[in-house]
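Structure first, commentary second.
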Amino acid sequence: MINLEIANTFERIANLLEIKGELVYKVLAYRRAAESIRVLTTEISSMSSKEIMNIPGVGKAIAKKINELLTTGRLEFLQKLEREVPSSLIELLQIQDVGPKKVALFWKHANITSLAELEIAALAGHLRNLPGMGEKSEARILAGIQVLKQHKQRLPIHKALKIAEIWMEKIRKIQHLERAEIAGSLRRWKTTIGDLDFVGSTRSPDQVMQFFSSQDGIKRILSQGENKTSVECEEGLNIQLWLQPPERFGSLWQFVTGSKEHNVRLREYAQRHNLSLSERGFIDQNLKETLCFNEQDVYETLGLQYIPPELREDRGEVQSAISHNLPQLISIEDIQSDLHVHTDWSDGKSTLEEMTQEAIKRGLRILAIADHSIGSPDIDNGMDEKRLQEQRRLIKQLQIHIGHSLLILQGVEVEILLDGSLALPNDVLSKLDLVIASMHDHHDQPRSVNTERLIKAISNPLVDIIAHPGGREVPRTEGAELEWEPIFHAAHKHQVALEINSNPFHLDMDEIRSHQAVNTGCLLSINTDAHVSYRMDNLKFGIGIARRGWVSSQKVINTWSKAKLLDWLKNRKK
DNA sequence: GCCGTTTTCGGCCCGACTGTTTTCAGTCG
């Protein structure tokens, strides 16, 4: 059983216990354990019992359950729970404004156990007579069911960012608003975004909220107050605007940026120092306030190192900030090269010249052209020996033409075949400056087969980078199932860099794998995989993943100088 | 159910908003 399955099991237990009406702290304990396990960088099945007990949020009782899951694949506790509480109730928790108490109410007072039954009851007006319910609540629930039925998924980050930028512009034009910023999971660069959060400072909150909720593009107002207003926009996304006066802006921005789990951890730490922390600032036991104009003031008041938004997920960042031990995260300014772009020589839309000009415009020092090889699925004009030679000649000419500011390398994205061999022979690959290997099909093989296939490619001494190792395509497929640890060890041993692909449809490896890879000693490469010149702008998404994965610049070969990178390429061929 | 710079027991983050209520429970982030 893999970590994800174990984490999902505990999440399921938490949901069922919550509906059953179990003590909230017990529910919370299962949720915390589930989340720690989900982001663990080692497979639990390979851990000792002592190591398992060291997982944050895992104590005696949960460790015992993990052990039962690992040895039998089942859990008696969960099976008993499922006999008591219908599991079809869990999906009701996804409805807006429906929590565990309401679910239990519908179940116990109206014998409702599914989404369909709830909708029928709401349409028939049967919910309004339940204790604590009324017509308005019934209508809200019906609206919530409609939203859920529209299959509303979290948006990929690049789409959310586009919508957010439009709204940010609208919001900044509102009068009496002194400052406005993006917060929430978008500021933390999460791969998918559920809703948009904005924060602002003002002394006239009523007027600002009035302006905000009367903007074009709003479908309905979910709630409106002077501190917080929540609307659903026409794109189907919920948008929140939070306001505080300027002297409280820092604590507000910190709070709304989240994550919730990070904030809980931070507030617990504040409490141990006899301070109560909220979006309004700090308050001590004598009710004396400490206000935070800037976000940094929040962490400084607690004596902590400043924690960048991307790390605020309660994955040990507070502990590291206490000991002033946070990593120096990579930033977009550190990047000197893009080592994986395509041109119209294969399936790209831009020419060699256009890609080169774009790289110069972006201040890059090195650009590697890596068109698809023959043998790649859905590519009609994959590169073979002859066309690679031809392209090489043109690259040389282009290099002379543009001078020394940018070094153009000739690479290839060679297809990893089903048996792990490469689609081009070694004597062709050895003439190139850089070799990227990747697999684009047959992801549905068993985990061990996929793993072996990838490791065979990694072991080829001519391979420098493995691109998008898992092959996920958001949201179409999660890609190949892999045993990551042996892959990391092989990549480390053969000094092959693993890619963080910045294309928002890939973002592969993800942040957890990236963290794990670096911990195993692997080198990473962050590339755009741009198929048209302006897509080099996607780099920011790859950087977001790396920063969320605690990656510092030394581990990323794209931050290296020309000399260092060329040295590495030369030496590893030996 | 977890956990400890007052602790192996008694806590466990905090405020905003809504709706159904006459003072609060539920939900959310």
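Quick note on labels: first sequence line is chain A, next is B, and so on, each numbered from 1. All figures in this text were calculated on a predicted structure; none of them were measured in a lab.
Atom-to-atom, CG of A:Asn274 to C1' of B:dC13 comes out at 15 Å; the value is rounded to the nearest Å. In this entry the distance linking CG of A:Leu93 with C1' of B:dG26 reads 13 Å, nearest Å. Rounded to an integer number of Å, the gap from A:Lys64 NZ to B:dG1 C1' is 14 Å. Remark: P of B:dT21 and CG of A:Leu105 are 12 Å apart, rounded to the nearest angstrom. Protein atom CD of A:Gln244 is 16 Å distant from nucleotide atom P of B:dC14, rounded to whole Å. Rounded to whole Å, the distance from CZ on A:Arg248 to C1' on B:dA16 is 14 Å. Between A:His273 atom NE2 and B:dT5 atom P there is a gap of 9 Å when expressed in whole angstrom units. The distance from atom CD of A:Gln96 to atom C1' of B:dT18 is 13 Å, rounded to the nearest whole Å.
Within the structure, a side-chain polar atom (N or O) of A:Lys26 is placed less than 4.0 Å from OP1 or OP2 of B:dG1. The side chain of A:Asn263 contributes no N or O atom lying less than 4.0 Å from OP1 or OP2 of B:dC13. Phosphate contact (OP1/OP2 of B:dC14, side-chain N/O of A:Ser276, threshold under 4.0 Å): present.
Relative to the six-membered ring of A:Phe10, A:Lys65 misses at least one condition, a distance below 6.0 Å or an angle of at most 45° to the axis. A cation-pi arrangement is present between A:Arg187 and A:Trp253 under the rule of less than 6.0 angstrom and at most 45 degrees off the ring axis.
Across all strands, A:Val27 comes closer than 4.0 Å to no nucleic acid atom at all (heavy-atom distances). Residue contacts shown for A:Ile95 are limited to sugar-phosphate atoms, with no base heavy atom under 4.0 Å away.
Listed candidates were B:dC13, B:dT5, B:dG1. Nearest to the side chain of A:Arg272 is B:dT5. Comparing atom distances between the A:Asp195 side chain and each of B:dG1, B:dG29, B:dC17 picks out B:dG29 as nearest. For A:Gln224, taking side-chain heavy atoms from C-beta onward, the closest of the listed nucleotides B:dG26, B:dC12, B:dT18 is B:dT18. Ranking B:dC12, B:dG1, B:dA16 by closeness to the A:Lys228 side chain, first place goes to B:dA16. Taking every side-chain heavy atom of A:Lys136 into account, B:dG19 is the closest of B:dG1, B:dG19, B:dC12. Of the candidates B:dC2, B:dA16, B:dT20, B:dA16 carries the atom nearest the A:Glu279 side chain, counting heavy atoms from C-beta on. Of the candidate nucleotides B:dC13, B:dG19, B:dG15, B:dC13 has the atom nearest to the side chain of A:Tyr25. The side chain of A:Leu23 approaches B:dC12 more closely than any other nucleotide in the set B:dG29, B:dC12, B:dT18.
In this view, A:Lys20 and A:Glu84 satisfy the side chain to side chain donor-acceptor pair (under 3.5 Å) rule, not counting sequence neighbours. With sequence neighbours left out, A:Phe211 forms a ring-ring contact (aromatic ring centres under 6.0 Å, His included) with no residue at all.
Using modelled atom types and a 3.5 Å distance limit, the side chains of A:Glu279 and A:Ser251 yield no donor-acceptor pair.
Under the Watson-Crick or G-U wobble criterion, with both distances below 3.5 Å, B:dG19 is paired with B:dC24.
Between A:Phe77 and A:Ser278, the residue anchored nearer the 5' end of DNA chain B, judged by the nucleotide with its closest heavy atom, is A:Phe77.
Nearest heavy atoms, A:Leu326 versus A:Ser320: CD2-CB, 3.6 Å.
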